[in-house]
Amino acid sequence: MNLKPFFRTLPDLLYPRRCPVCDRAVKPFGGLICQACENKLVYVEEPYCMKCGKGLREEEREYCGDCMRRQHLFDRGRALFEYPGAAESIYRFKYRGRQEYAAYYARCMAGKLGGCLISWRPEALIPVPVHASRRRARGYNQAETLARELSRLTGIPVKTDFIKRVRKTTPMKELSASERQNNLKKAFKICRNDVKLSTIVIIDDIYTTGSTIDAMSYELRRAGVKHIYFMTLSIGKGL
C-alpha cells in the first residue's frame with residue numbers, strides 16, 4: 001500500500017490552508033483560495049501608468065501625476081491588485097504569519113504579469129529586505145516569501161545576499177511622501193560586490209510613492225545594475 005500521498009496531504013489536514021480573502025480554511029480542500037472568494041481581489045487593469053503601473057482614470061494618459069512630476073530611478077514596474085481592496089489580505093500576510101498566501105499571490109503574478117517577466121528577462125528576483133530586528137520579531141520577510149514562490153513557478157532565481165537593509169526605518173504608512181524619502185536615506189547597502197547582475201526585478205508587497213524602490217534602485221545602479229524593474233502585490237490609483 002502506497003502511503004506517500006496520504007503523508008503529503010497530512011499537514012494540510014492537520015493545519016488547513018487559509019484563504020487569502022476570508023482567512024477561513026480553503027473550500028474546496030486542496031485549493032489556494034476559496035471558490036467563493038476567487039474574484040474578490042481586483043486586478044489592476046488598463047489603463048495604467050507606463051512607469052509605475054498605477055491604474056489611471058483617463059485612457060488617453062500614459063503616466064500618473066506622481067510619475068509626471070518625479071524622476072524615479074527604476075525603469076518600470078507593475079502591480080497585481082488594486083489597493084485598498086487587497087489591504088486586509090496583505091496585512092495578514094505581512095503581520096499575522098499567513099505565509100501560505102504567497103502561493104496564491106505568486107500564481108496570480110505568474111499568470112497575470114508573466115508576460116512582463118518574459119519581456120524584461122531578469123537574471124534575478126530581489127525581495128525588498130527588512131531590517132534584521134524586524135525579521136527576528138516577525139519571523140520572516142514577506143517579500144522574500146513571495147519572491148521564492150514566484151521563483152518556484154518561473155525558474156528565475158532569488159538573490160537575498162546582494163543588498164540588505166542596514167538602518168531600521170519608521171514604518172512608511174506613518175509618513176508623508178517627503179518624509180518617506182528622508183526616512184530611507186542610507187537605509188540600504190550592497191553587500192555582495194562579486195555578484196554581477198544586469199537586469200533584476202524588485203519584489204515587494206505594496207507600492208505607494210515608490211520611495212522604497214527608488215532607494216534600492218539608487219544602490220543597485222551604483223553596483224552596476226543596468227535595468228531595474230519591480231513587481232508588487234498591490235498599488236493605489238494614479239491621479
Side-chain angles (χ1 to χ4, degrees), residues 3-49 52-57 59 64 77-118 125 127-128 130 138-156 158 171-173 201 203-208 230-238:
L3 294 177
K4 286 183 179 179
F6 170 76
F7 286 112
R8 279 199 296 267
T9 59
L10 185 59
D12 286 336
L13 291 170
L14 296 174
Y15 307 101
R17 177 182 291 277
R18 297 282 178 166
C19 171
V21 174
C22 69
D23 200 42
R24 292 189 284 269
V26 171
K27 294 181 180 180
F29 178 80
L32 299 179
I33 188 172
C34 290
Q35 203 168 52
C37 296
E38 186 74 53
N39 298 316
K40 291 185 178 179
L41 295 176
V42 180
Y43 290 117
V44 176
E45 302 286 0
E46 293 182 335
Y48 51 78
C49 176
C52 73
K54 284 183 180 177
L56 299 175
R57 295 183 179 91
E59 291 188 10
C64 68
R78 289 294 309 276
L80 187 64
F81 300 122
E82 288 186 3
Y83 190 91
E88 288 186 19
S89 178
I90 294 172
Y91 179 85
R92 293 192 300 268
F93 172 57
K94 188 172 183 175
Y95 297 111
R96 292 291 181 262
R98 295 295 192 224
Q99 295 186 69
E100 67 228 65
Y101 291 1
Y104 176 72
Y105 295 152
R107 188 182 74 178
C108 293
M109 265 190 172
K112 194 74 175 176
L113 305 179
C116 290
L117 289 174
I118 291 170
L125 305 176
V128 172
V130 296
R138 197 177 299 165
Y140 62 99
N141 172 5
Q142 75 284 351
E144 181 180 332
T145 301
L146 176 62
R148 293 199 182 283
E149 284 290 341
L150 189 59
S151 173
R152 185 178 62 82
L153 295 175
T154 63
I156 304 168
V158 177
M172 300 292 272
K173 61 185 178 182
V201 176
I203 302 294
D204 204 6
D205 52 356
I206 300 170
Y207 180 100
T208 308
F230 75 81
M231 278 190 178
T232 62
L233 283 178
S234 68
I235 198 167
K237 279 281 188 183

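Predicted model, so just to flag it, every value in this text is computed and none were measured. Values below: all heavy atoms of this structure, side chains included; hydrogens, waters and symmetry mates excluded.
For Arg138, the CZ atom counts as densely surrounded, since its 6.0 Å shell holds more than 12 non-hydrogen atoms of other residues, nucleotides or ligands. For Gln35, the CD atom is loosely surrounded, since the number of other residues' heavy atoms within 6.0 Å does not exceed 12.
In this structure, the side chain of Tyr83 does not engage the main chain of Lys237 through any donor-acceptor pair within 3.5 Å. Looking at Arg24, its side chain never comes within 3.5 Å of a backbone N or O of Cys19 through a donor-acceptor pair.
Using the six-membered ring where Trp is involved, Phe93 and Tyr105 have ring planes that are perpendicular, over 60° apart on the 30 and 60° scheme.
Between Gly53 and Ile235, the shortest heavy-atom contact is C-CD1, 4.0 Å. When all heavy atoms of Val21 and Ile33 are compared, the closest pair comes out as CG2-CD1, 3.8 Å. Closest of all the heavy-atom pairs between Leu146 and Leu233 is CD2-CG, 3.7 Å. Nearest heavy-atom pair, Asn141 versus Val128, reported as atom, atom and distance to 0.1 Å: ND2-O, 3.0 Å. Scanning all heavy atoms of the two residues, the minimum distance from Gly236 to Lys54 falls at O-CG, 3.3 Å. Residues Tyr101 and Arg92 come closest through the heavy atom pair OH-NE, 2.8 Å.
Interatomic distance, Tyr104 OH to Ser89 OG, rounded to the nearest 0.5 Å: 9.0 Å. Note that the OG1 atom of Thr232 and the CZ atom of Arg78 stand 10.0 Å from one another [nearest 0.5 Å]. From Ile203, atom CD1 reaches atom CD of Glu149 across 12.5 Å, with rounding to the nearest 0.5 Å. In this structure, Met109 CE and Thr154 OG1 are separated by 11.0 Å, a value rounded to the nearest 0.5 Å. Atom CZ of Arg152 sits about 11.0 Å away from atom CZ of Arg107, to the nearest 0.5 Å.
In this structure, the side chains of Leu32 and Arg17 come closer than 4.5 Å at one or more pairs of heavy atoms. No side-chain heavy atom of Val26 sits less than 4.5 Å from a side-chain heavy atom of Pro16. Using a 4.5 Å cut-off on side-chain heavy atoms (C-beta onward), Leu125 and Val201 make contact. Counting only heavy atoms from C-beta outward, the side chains of Phe81 and Val44 never approach each other to under 4.5 Å.
Side-chain contact annotation: Asp205 with Tyr91, donor-acceptor N/O pair under 3.5 Å absent.
Taking Arg148 as the reference, Glu144 meet the salt bridge (charged side-chain N to carboxylate O under 4.0 Å, His left out) condition, with sequence neighbours excluded.
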For this session: For the pair Glu45 and Lys112, evaluate salt bridge (Lys or Arg N to Asp or Glu O under 4.0 Å) and give the outcome as yes or no after the intermediate values.
Result: CA-CA 10 Å; Glu45 302 286 0; Lys112 194 74 175 176; 3.1 Å; yes
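For the side-chain contact (heavy atoms from CB on, under 4.5 Å) test with Arg98, the passing option among Ile90, Thr145, Asp23 is Asp23; the others fail.
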